[in-house]
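Notes for the one structure printed next.
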Amino acid sequence: MVANEVVAAAAVVEEPAPASAGAVDPMRLASRWRSPAEWGAAAAEMEAEPAPSELNTTNSSGLFAVVSTDRMSVRYLGVNQHGHDVGVVQANRPAPTRRAVYYFEMGVKNAGQKGQTSIGFTTENFKMRRQPGWESNSCGYHGDDGYLYRGPGKSESFGPKFTSGDTIGAGINYFSQEFFFTKNGSLVGSFQKEIKGPLYPTIAVHSQDEEVTVNFGKEPFCFDIEGYIFEEKMKQQSVSDKLDLQPDISHWIVRSYLLHYGYQDTLNSFDMASETDPPSNHQNGYGEPPEMYGLSHRKLLRQLIMSGDIDSAFKKLGEWYPQVIKDETSVICFLLHSQRFIEFIGAGQLEDAVKYARSNLANFLTHKAFDGLLKESVALLAYEKPAESCIGYLLDSPQREFVADAVNAAVLSTNPNMKDPESCLYSCLEKLLRQLTIQVFLGIKAFKLHLHLSSELRDETLCPSWKERDSPRSGDVDHDPCAITDTLILEVSQYTLHKVNT
Amino acid sequence: MFLSRIVLRDLDSIDSPAASMASSKKLVTRDEWERKLRDVKIRKEDMNRLVMNFLVTEGFVDAADKFRVESGTQPDIDLATITDRMEVKRAVQSGNVQEAIEKINDLNPTILDTNPQLYFHLQQQKLIELIRAGKINEALEFAQEELAPRGEENQVFLEEIEKTVALLVFEDIKNCPYGELLDVSQRLKTASEVNAAILTSQSHEKDPKLPSLLKMLIWTQNQLDEKAAYPRINNFSTAALEDPAI
């Protein structure tokens, strides 16, 4: 196995190496290169799915109703002459879909002559002289009879009537793909969501003096929507909790992760503790992970790189695995050289950094694959306080870790018994997480969602401190302690149920 | 920039109306699937945190400490509290229930006060241990003085007490109908209940995240099976992709 040739082959191509190029391309570990700010921005964009904020004045049936100047209430105009003289108003935007539940409320300020106010959801092309629920692709809960309407000829007894002073809510539960309505803080009922496409929160008034206000979430809701969402999440959770796992599989996956990355001290402690642990047959039937190869060497190389001692890492590599750094234009050499340069900067030795860059980094300028990291590294020179610059993350330990992981992969690839080159790059855990990610997002078109997953994984629960550090998404992010799995389950179920219903 | 060009470009084809309307399952070849997989980026820190979370929650305190040094990942809980928690757990696992109760109270006296079910299960375990040790008189006394009053408060407790006391009337307790109470698994069950209660009292989740993610992987695979034939991972220990069944 001549690993350096493979690495070199990957180095000269402009794009990330295609699969057929085989073996180990540490550039594929390049997730490191997304700076914290970029991850944050992507997550913020993801969160910023626009939601309804006010009533739509241009599309409302101006003949029969007038929307107030703050666009948060509507009043019936004149006298109801005809069954179709409905004053119906949609929200300015459709209900957002990238969440578990969407919900809004309407306050009946005045039930007017006939109390024919209503609330529901309609699609974009809804006829603006009909009550929600009278037409197909709409649904509505009506105050005068308490009936639920879901299309022509489809009405049924649903809940209590409502009148002046009542607060009525309408929601979409994307978990269960249901609509639901509430009255004065209590759930009235829910039913299958059969309408597709963007859905607009809709309210209507239909007789003299009727007036309703709307609350899209700016004011606290009458209904405990947080509690409702929590219960729905728990229901979902209990479904997946009932599934059976291979016995002790988590233990095995953790162990093979430690082996893969050469966390040997952790591994030893882990194994020692596992022996005294009563269910001691942890490794039952799974065999030995393939990653014992070069364990103590890999551990030491990682230690050196993590402590910033790149010179020694180079030296040891030359002793133990000369083939890894034989080709001086290889990815591994580039990463180590650029890290050496970064370490100079981190230590404030700018002259040394410049000298080092001239003799060791300049050669790489012609290789497009290295362009991004190279430019960013060199740009560190431009800052008086590089650690506080927008590329300051290069000086942090995750960048060292990235280089250490690349070296680790390169060493693993020199194993003559290596069967699967992918295994040099990815631990068992990573393979499983990648599979999960694809499955979760299969069919969800927005690439943003993919980023969302990653950001959820990172900051919401696993790294609560991240937010304080440099989050561009200041403010209202709620720290749900079980966000990681919940959000995943949420996205998954939302997607799958959507598919099942399509 | 390099990474922002990652696009899950092929996913659209699967979600196209034609595909979802087709009655037969969509086939995703191994090549297609692997191409998708390559576009996924998992952050190393996230994986490190998952591993740290497992070590901490499962009580591998030394390993967690080593992992903190080796990977630079900060544990989400004070490691010293793990040691205490593991001592309690070990006490239950080795049958020293009284010791466990005392240690729990040292750690945080409100845990047992606010958790009557846990306290009952610990006392039930204590009774089981007395019976196992053949201390019949002591067991009877304990059952009458400590356990019986609790059974009067709660029907579920009462049934549990009846089952446990029934152990006393069998000569060959290993083979009596409630013999499973004497099994190691009963100790482990109680120990894991104790473990969860302590974690909860420290505002930490009682289960590690990794198993939930694995369960989710199973769940999504099952769901996706109805829609498509695609490379599955059946064996989590190798994480090898299986060719899709056509």
Structural part of [X] lying under 4.5 Å from a heavy atom of chain B:
{"X": "A:Leu432", "result": "both"}
{"X": "A:Tyr257", "result": "side chain"}
{"X": "A:Ser250", "result": "both"}

What distance separates [X] [atom1] from [Y] [atom2], expressed to the nearest 0.5 Å?
{"X": "A:Leu243", "Y": "B:Ser212", "atom1": "CG", "atom2": "OG", "result": "11.0 Å"}
{"X": "A:Lys431", "Y": "B:Leu241", "atom1": "NZ", "atom2": "CG", "result": "8.5 Å"}
{"X": "B:Phe60", "Y": "A:Asp271", "atom1": "CZ", "atom2": "CG", "result": "9.5 Å"}
{"X": "B:Ile233", "Y": "A:Gln435", "atom1": "CD1", "atom2": "CD", "result": "4.0 Å"}

Show, in sequence, the C-alpha distance, side-chain angles and deciding distance for B:Leu213 and A:Leu433, and conclude whether the side chain to side chain contact (heavy atoms under 4.5 Å, CB included) test is met. CA-CA 8 Å; B:Leu213 284 173; A:Leu433 289 176; 4.0 Å; yes

Would A:Leu258 and B:Phe67 count as a side chain to side chain contact (heavy atoms under 4.5 Å, CB included) here? Give the steps. CA-CA 9 Å; A:Leu258 300 175; B:Phe67 192 61; 3.8 Å; yes

Please look at [X] and chain A and tell me whether the side chain, the backbone, both or neither of the residue comes under 4.5 angstrom of a heavy atom of that chain.
{"X": "B:Gln221", "answer": "both"}
{"X": "B:Arg187", "answer": "neither"}
{"X": "B:Asn48", "answer": "both"}
{"X": "B:Pro231", "answer": "backbone"}
{"X": "B:Phe54", "answer": "side chain"}

Derivation of the side chain to side chain contact (heavy atoms under 4.5 Å, CB included) call for B:Ser237 and A:Ile249: CA-CA 7 Å; B:Ser237 70; A:Ile249 187 69; 3.9 Å; yes

Can you see which heavy atom on A:Asp244 is nearest to which on B:Ile218, and at what distance?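 Closest approach of A:Asp244 to B:Ile218, heavy atoms only: O-CD1, 3.4 Å.
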
Between A:Leu245 and B:Phe236, which heavy-atom pair has the shortest distance, and what is it?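 Between these two residues, the closest heavy atoms are CD2-CE2, 4.4 Å.
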
Shorter than 4.5 Å, heavy atoms on both sides: which option in B:Pro208, B:Ala64, B:Gly72, B:Ser71 has the most such pairs with chain A? B:Ser71

Pick from B:Asp62, B:Leu214, B:Val61: which one has the most heavy-atom pairs with chain A under 4.5 Å?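 Going by pairs under 4.5 Å, I would pick B:Leu214.
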
Are any non-hydrogen side-chain atoms of B:Leu210 and A:Leu429 less than 4.5 angstrom apart? yes

Donor-acceptor contact below 3.5 Å, side chain B:Glu70 vs main chain A:Gln264: yes

Examine B:Lys44 relative to A:Tyr261 and say whether NZ or CZ is less than 6.0 Å from the centre of the six-membered ring and inside a 45° cone about the ring axis.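 Yes, B:Lys44 lies over the aromatic ring of A:Tyr261.
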
Stepwise side chain to side chain contact (heavy atoms under 4.5 Å, CB included) test for B:Met47 and A:Glu430: CA-CA 7 Å; B:Met47 293 191 289; A:Glu430 179 158 3; 3.2 Å; yes

